[in-house]
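First up is the structure itself, then whatever we jot down about it.
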Amino acid sequence: MSVVLEANNLSWQVGNKVIVEQISFSLKKGETLGIVGPNGAGKTSLLKCLYREYIVEKGEVRLQGKNICEVSRNYIAQKIAVVGQHHDSIFDLTVFDVVHMGLLPHKGLFDRDNSEDLKLIEHALQKVDLHTKAEQVFKTLSGGEQQRCLIARAIVQRSDILIMDEPTNHLDVFYQHQILSLVKKLKLSLVITVHDLNLAAQYCDRLLLMSDGKLKAINTPEKVLTSECLQQVFKLNCVVDTNPFTQAPRITFAGLHHDTEHPHLVTLAGGLNEN
Ligand SMILES: Nc1ncnc2c1ncn2[C@@H]1O[C@H](COP(=O)(O)OP(=O)(O)OP(=O)(O)O)[C@@H](O)[C@H]1O
């Protein structure tokens, strides 16, 4: 399988504080790589280095073989679509206008839209089921609709790689699954940060576990999500078994003071521990 994106010994720091430290990995064509780890581990910073929002001073990022510092921003935008966490700049745009932005990397400054462009936008809106809301203002959409709108923009952008920072944030369990199923169907090469380890286990081919800016493990969910590794990184006891529906690893964390040696004694909803 060919490599589409590669980080080699990538480090990024602010002043003397190293935020991302010597991370290396490669993203294979068509795979979904999940970045997981505690708050402040450096996940968002790593993503920003990958699409050159942050300039890497040590190490390098290679995009389809080319050093990302040696290509134009437009080239990067043709190859990588980004769905970040903050959308203030597009809040007042309509859904149509947001999705239309996906055309920009492919257009000259004075190019007008043609019928193919409009068909592409219509197709993307249909795909994410927002075709009836094209004129609605972005900020008035629900959280799940906003994510779908940004996915439609990525579809129009026609890039091979999609980077998403916490796409399931603030979504209820139905919409979490809806968004991740939707992006998987696009058959792109995906890098996503996800806090929910059970979702990560279910939807990602491989996981990169970060802690304190460093890579702790990168492998299949089964190999990364071991109770030993998770206990070390998240500082909470946990049990890892198998999700009976998907066969993916299922992680259950104990609370701060619960006993994983006897997990059956930990009752739900704050009930009494029989011990
Ligand atoms: N531009 C910046 N200037 C200064 N510090 C920064 C900057 N960007 C990130 N940091 C710091 O780097 C650390 C990692 O932040 P980052 O947002 O990458 O972590 P994260 O793993 O994505 O966290 P979370 O899961 O909470 O979103 C934090 O301590 C943050 O304050």
Side-chain angles (χ1 to χ4, degrees), residues 5-25 27 32-61 63 68-69 73 76 80-90 143-144 146-147 150-151 154 161-173 175-176 179-180 183 190-204 206-219 221 224-226 229-236 238 249 251 253 255-256:
L5 187 68
E6 209 178 340
N8 294 324
N9 261 326
L10 185 155
S11 298
W12 181 74
Q13 63 188 73
V14 179
N16 289 330
K17 190 177 176 214
V18 180
I19 312 277
V20 176
E21 195 171 340
Q22 293 201 310
I23 296 220
S24 299
F25 70 90
L27 176 72
T32 301
L33 177 69
I35 316 268
V36 294
N39 286 132
K43 303 180 295 296
T44 298
S45 304
L46 173 61
L47 291 190
K48 288 183 174 178
C49 293
L50 296 179
Y51 56 89
R52 214 178 76 186
E53 176 154 341
Y54 291 164
I55 308 286
V56 174
E57 281 159 16
K58 288 188 191 147
E60 61 171 13
V61 176
L63 171 57
I68 207 160
C69 291
R73 290 227 169 258
I76 297 171
I80 305 180
V82 177
V83 176
Q85 282 200 48
H86 303 290
H87 317 300
D88 305 1
S89 60
I90 56 171
Q146 289 187 354
Q147 286 298 324
L150 296 168
I151 292 167
I161 301 168
L162 176 57
I163 292 182
M164 304 183 89
D165 196 2
E166 280 292 328
T168 52
N169 227 358
H170 309 304
L171 300 184
D172 76 32
V173 65
Y175 287 110
Q176 291 174 355
I179 291 298
L180 292 176
V183 290
L190 288 172
V191 185
I192 54 177
T193 60
V194 194
H195 269 297
D196 184 324
L197 297 172
N198 288 308
L199 280 179
Q202 197 171 329
Y203 288 94
C204 298
R206 285 191 304 153
L207 296 178
L208 187 163
L209 175 63
M210 280 184 87
S211 176
D212 287 329
K214 299 184 195 72
L215 187 154
K216 280 276 172 194
I218 178 163
N219 214 319
V224 171
L225 302 174
T226 63
C229 192
L230 294 174
Q231 278 165 206
Q232 201 185 48
V233 169
F234 289 95
K235 317 264 186 288
L236 277 178
C238 71
I251 300 98
F253 281 101
L256 285 179

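Start at 1 and go down the list; that is how both ligands and their atoms are numbered. Computed from a predicted structure; not experimentally measured. Positions are given from 1 along the sequence.
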For [atom], grab the closest protein heavy atom and report residue, atom and distance to one decimal in Å.
{"atom": "atom 26 (O) of ligand 1", "result": "Asn39 ND2, 2.8 Å"}
{"atom": "atom 27 (O) of ligand 1", "result": "Thr44 OG1, 4.1 Å"}
{"atom": "atom 7 (C) of ligand 1", "result": "Trp12 CH2, 3.9 Å"}
{"atom": "atom 19 (O) of ligand 1", "result": "Gly42 N, 3.2 Å"}
{"atom": "atom 25 (O) of ligand 1", "result": "Lys43 NZ, 2.7 Å"}

### Query
Has Glu57 got more than 12 heavy atoms of other residues, nucleotides or ligands less than 6.0 Å from its CD?
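Atom CD in Glu57 is not crowded, with 12 or fewer foreign heavy atoms closer than 6.0 Å.
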
### Task
Would you tell me which option among Ser45, Ala41, Gly40, Gly15 has the nearest heavy-atom contact to atom 9 (C) of ligand 1?
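Comparing heavy atoms across Ser45, Ala41, Gly40, Gly15, the nearest one to atom 9 (C) of ligand 1 lies in Ser45.
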
### Message
So for ligand 1, is Gln85 a polar contact partner (N or O within less than 3.5 Å, distance only)?
### Response
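No: no nitrogen or oxygen of Gln85 is under 3.5 Å from one in ligand 1.
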
### Message
Please report whether ligand 1 has a polar contact with Ile19, defined as an N or O pair separated by less than 3.5 Å (distance criterion only).
### Response
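For ligand 1, there is no N or O atom that lies under 3.5 Å from one belonging to Ile19.
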
### Message
Would you say atom 31 (O) of ligand 1 makes contact with the protein, given that contact here means a non-hydrogen protein atom less than 4.0 Å away?
### Response
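Given the 4.0 Å cut-off, atom 31 (O) of ligand 1 does not count as touching protein heavy atoms.
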
Numbered atoms of ligand 1 (with element) below 4.0 Å of [X], judged on heavy atoms:
{"X": "Tyr54", "value": "1 (N), 8 (N)"}
{"X": "Pro38", "value": "21 (O)"}
{"X": "Lys17", "value": "29 (O)"}

### Message
Against Phe25, only a single residue in Leu50, Asn8, Leu10 fulfils side-chain contact (heavy atoms from CB on, under 4.5 Å); can you say which?
### Response
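Per the side-chain contact (heavy atoms from CB on, under 4.5 Å) rule, the option paired with Phe25 is Leu50, out of Leu50, Asn8, Leu10.
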
### Message
Test side chain to side chain contact (heavy atoms under 4.5 Å, CB included) on Asn9 and Lys58; report intermediate values, then the result.
### Response
CA-CA 7 Å; Asn9 261 326; Lys58 288 188 191 147; over 6 Å; no

Is the shortest side-chain heavy-atom distance between [X] and [Y] below 4.5 Å?
{"X": "Tyr203", "Y": "Val194", "answer": "no"}
{"X": "Gln231", "Y": "Phe234", "answer": "no"}
{"X": "Pro167", "Y": "Val83", "answer": "no"}

### Query
Side chain, backbone, both or neither: which part of Val14 comes within less than 4.0 Å of ligand 1 when only heavy atoms are counted?
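Val14 to ligand 1: side-chain contact only, backbone stays beyond 4.0 Å.
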
### Message
Is the contact between His195 and ligand 1 made by the side chain, the backbone, both, or neither, using heavy atoms and a 4.0 Å cut-off?
### Response
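The answer is the side chain of His195.
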
### Spatial distance of atom CD1 (Ile23) from atom CG (Leu215) [nearest 0.5 Å]
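One finds 5.0 Å between CD1 of Ile23 and CG of Leu215.
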
### Query
In Å, rounded to the nearest 0.5 Å, how long is the span from NE2 of His195 to CG of Asn169?
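Here the interatomic distance stands at 7.0 Å.
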
### Task
Evaluate side chain to side chain contact (heavy atoms under 4.5 Å, CB included) for Gln147 paired with His87, printing each intermediate quantity in order.
CA-CA 10 Å; Gln147 286 298 324; His87 317 300; 4.3 Å; yes

